[in-house]
Amino acid sequence: MPIDLTNAQTIARVLTEALPYIRRFSGKTLVVKYGGNAMKDDSMIASFARDIVLMKHVGMHPIVVHGGGPQIGAHLEKLGKTSRFVDGMRVTDDETMDVVEMMLGGLVNKAIVSAINQQGGQAVGLSGKDGGLIRARKLVVAGGEDLGQVGEVDAIDPRVVKHLEAGGFIPVIAPIGVGAQGEAFNINADLVAGKLASVLQAEKLILLTNIPGVMDKGGNVLTGLTVSQVQGLIADGTIYGGMLPKIQCALDAVASGVRSAVIMDGRTDHSVLLELFTNEGIGTLIRG
């Protein structure tokens with residue numbers, strides 16, 4: 001069968017363009033937050049897993065922190081339990097916390113681990129309870145409403161992650177923290193990813209979500225933003241609502257030494273590779 005030179009030359013150009021980025025990120029830690037909206041079917045999870053395995057095989061050290069809000073909500077509906085949200089956070093009573101642990105620490109976590117392993121990687125699933133990874137405290141919100149077992153990060157002990165990383169494994173982390181009395185807390189995955197990236201002094205924080213990135217008032221995706229530019233966009237109302245927590249997470253990360261953070265649509269096929277290995281990238285990149 002004759003070689004399709006056009007296709008082969010396209011592949012060669014892609015690999016040539018990727019080479020400087022492979023060199024740049026080789027040996028560096030990259031924290032990837034994988035949102036529940038980007039794992040709605042097996043093909044989406046498999047695409048993500050291939051990206052992560054390729055990163056590892058070219059010398060990068062990816063660490064995955066995952067969410068699972070849609071999956072938790074769907075399971076609660078099956079149990080006849082209605083979810084209630086305050087400022088985008090799910091009110092988490094004892095029964096809901098049991099479901100959160102079952103879905104995040106169990107089904108969702110193991111599905112991601114299995115997908116990465118099927119693509120040739122060596123993934124290990126963790127929650128914040130493992131090795132004292134995530135110490136948490138109860139989140140207190142303005143107005144004093146009790147959100148139940150919703151927490152925030154008090155401290156991160158990254159030793160278990162570093163040991164796995166050094167052994168060639170890919171850590172996959174469920175954002176469940178443990179309190180001073182051993183109680184479990186449901187923590188926003190963006191916040192866990194940002195704090196972990198800061199503690200590890202990661203090269204890059206990648207936040208995969210269900211939107212293309214930060215958009216201007218005309219609906220165009222903005223990128224290559226500095227901290228001061230982002231603060232200006234917040235001040236003039238361009239960035240508002242549900243985007244604010246993600247932006248703040250990215251700003252906190254770059255302020256604490258993470259080289260850059262990017263917010264992008266994880267539903268795009270091979271979104272991580274497009275961001276890392278192409279000149280244009282995708283999504284909104286924020287630099288310190």
Side-chain angles (χ1 to χ4, degrees), residues 25 28-40 44-45 47-49 51-52 55 60-70 88-89 104 108 112 134 152-153 156 161 170-175 187-215 221-227 229-231 233-234 238-278 280-288:
F25 292 119
K28 302 293 179 60
T29 296
L30 297 96
V31 176
V32 183
K33 183 266 181 170
Y34 186 36
N37 286 300
M39 57 179 87
K40 287 188 174 180
M44 292 175 75
I45 298 175
S47 173
F48 171 77
D51 288 4
I52 296 298
M55 290 168 67
M60 302 176 196
H61 301 306
I63 297 171
V64 178
V65 177
H66 67 83
M89 293 172 286
L104 290 185
V108 174
I112 299 169
I134 305 172
E152 59 184 338
V153 177
I156 286 181
V161 171
I170 300 169
V172 178
I173 301 167
I187 308 176
N188 179 279
D190 291 325
L191 297 179
V192 170
K195 292 288 187 183
L196 185 62
S198 298
V199 169
L200 294 172
Q201 290 293 278
E203 179 72 13
K204 194 165 195 169
L205 169 64
I206 300 172
L207 301 174
L208 300 179
T209 183
N210 60 346
I211 55 175
V214 175
M215 290 178 280
V221 177
L222 300 171
T223 193
L225 300 176
T226 64
V227 171
Q229 286 174 321
V230 171
Q231 290 169 339
L233 292 169
I234 294 172
T238 300
I239 299 173
Y240 65 95
M243 179 57 72
L244 285 171
K246 293 185 186 300
I247 281 291
Q248 193 58 56
C249 172
L251 291 177
D252 290 345
V254 298
S256 63
V258 177
R259 184 70 63 87
S260 65
V262 64
I263 299 170
M264 62 187 191
D265 195 341
R267 300 169 301 177
T268 302
D269 201 29
H270 298 300
S271 56
V272 177
L273 298 188
L274 289 171
E275 167 57 30
L276 290 176
F277 295 155
T278 64
E280 297 82 9
I282 64 173
T284 298
L285 182 71
I286 301 169
R287 297 186 178 92

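Note that the coordinates shown come from a computational prediction; the quantities given were computed from them, not determined experimentally. Hydrogens, waters and symmetry mates are skipped; everything else that's a heavy atom, side chains included, is used.
Residue pairs meeting the salt bridge (Lys or Arg N to Asp or Glu O under 4.0 Å) criterion with at least one member in residues 187-196, sequence neighbours excluded: Lys33-Asp190, Asp190-Lys246.
Of all non-hydrogen atoms in Ala174 and Leu104, the two that sit nearest each other are CB-O, 3.6 Å. Taking each heavy atom of Met60 and Leu276 in turn, the nearest pair found is SD-CD1, 4.2 Å. When all heavy atoms of Ala189 and Val65 are compared, the pair lying nearest together is O-CG1, 3.8 Å. Residues Ile45 and Tyr34 come closest through the heavy atom pair CA-OH, 3.5 Å.
Remark: side-chain polar atoms of Glu203 are not paired, donor with acceptor, to backbone N or O of Leu30 under 3.5 angstrom. When atom types are taken as modelled, the side chain of Thr268 and the backbone of Ser271 share no donor-acceptor pair closer than 3.5 angstrom.
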Should Met264 and Thr223 be marked as a side-chain contact (heavy atoms from CB on, under 4.5 Å) after you check the CA-CA gap, both sets of side-chain angles, and the distance that decides it?
CA-CA 10 Å; Met264 62 187 191; Thr223 193; over 6 Å; no
With side-chain contact (heavy atoms from CB on, under 4.5 Å) as the test, would you mind laying out the steps for Leu200 and Ile156 before giving the verdict?
CA-CA 10 Å; Leu200 294 172; Ile156 286 181; over 6 Å; no
Verify side-chain contact (heavy atoms from CB on, under 4.5 Å) between Val214 and Ile239, making sure each step is shown before the conclusion.
CA-CA 7 Å; Val214 175; Ile239 299 173; 3.7 Å; yes
side-chain contact (heavy atoms from CB on, under 4.5 Å) between Met243 and Ile211: does it pass, once the steps are laid out?
CA-CA 10 Å; Met243 179 57 72; Ile211 55 175; 2.7 Å; yes
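Looking at heavy atoms from C-beta onward, Leu205 lies in side-chain contact with Cys249 at the 4.5 angstrom threshold. The closest side-chain heavy-atom distance from Leu225 to Thr284 is below 4.5 Å. The shortest distance between side-chain heavy atoms of His66 and Val172 falls below 4.5 Å. Side-chain contact between Ile52 and Met55 is present, with at least one heavy-atom pair separated by less than 4.5 Å.
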Please tabulate, for side-chain N and O atoms in residues 251-262, each donor-acceptor pair with protein atoms closer than 3.5 Å (sequence neighbours left out).
| from | atom 1 | to | atom 2 | distance (Å) |
| --- | --- | --- | --- | --- |
| Asp252 | OD1 | Gln248 | NE2 | 2.9 |
| Ser256 | OG | Ser198 | OG | 2.7 |
| Ser256 | OG | Asp252 | O | 3.1 |
| Ser256 | OG | Ala253 | O | 2.9 |

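Arg287 CZ to Lys204 NZ: the interatomic distance, rounded to the nearest 0.5 Å, is 8.0 Å. The line from CD1 of Ile263 to CD1 of Ile206 is 12.0 Å long, rounded to the nearest 0.5 Å. Separating the CE atom in Met89 from the CD1 atom in Ile187 is a distance of 12.5 Å, to the nearest 0.5 Å. Here CD1 of Ile173 is found 5.0 Å from CG of Leu196. Values are rounded to the nearest 0.5 Å. Between Phe48 atom CZ and Asp269 atom CG the span is 13.0 Å, to the nearest 0.5 Å. Between atom CZ of residue Arg267 and atom OG1 of residue Thr209 there is a gap of 8.0 Å, rounded to the nearest 0.5 Å.
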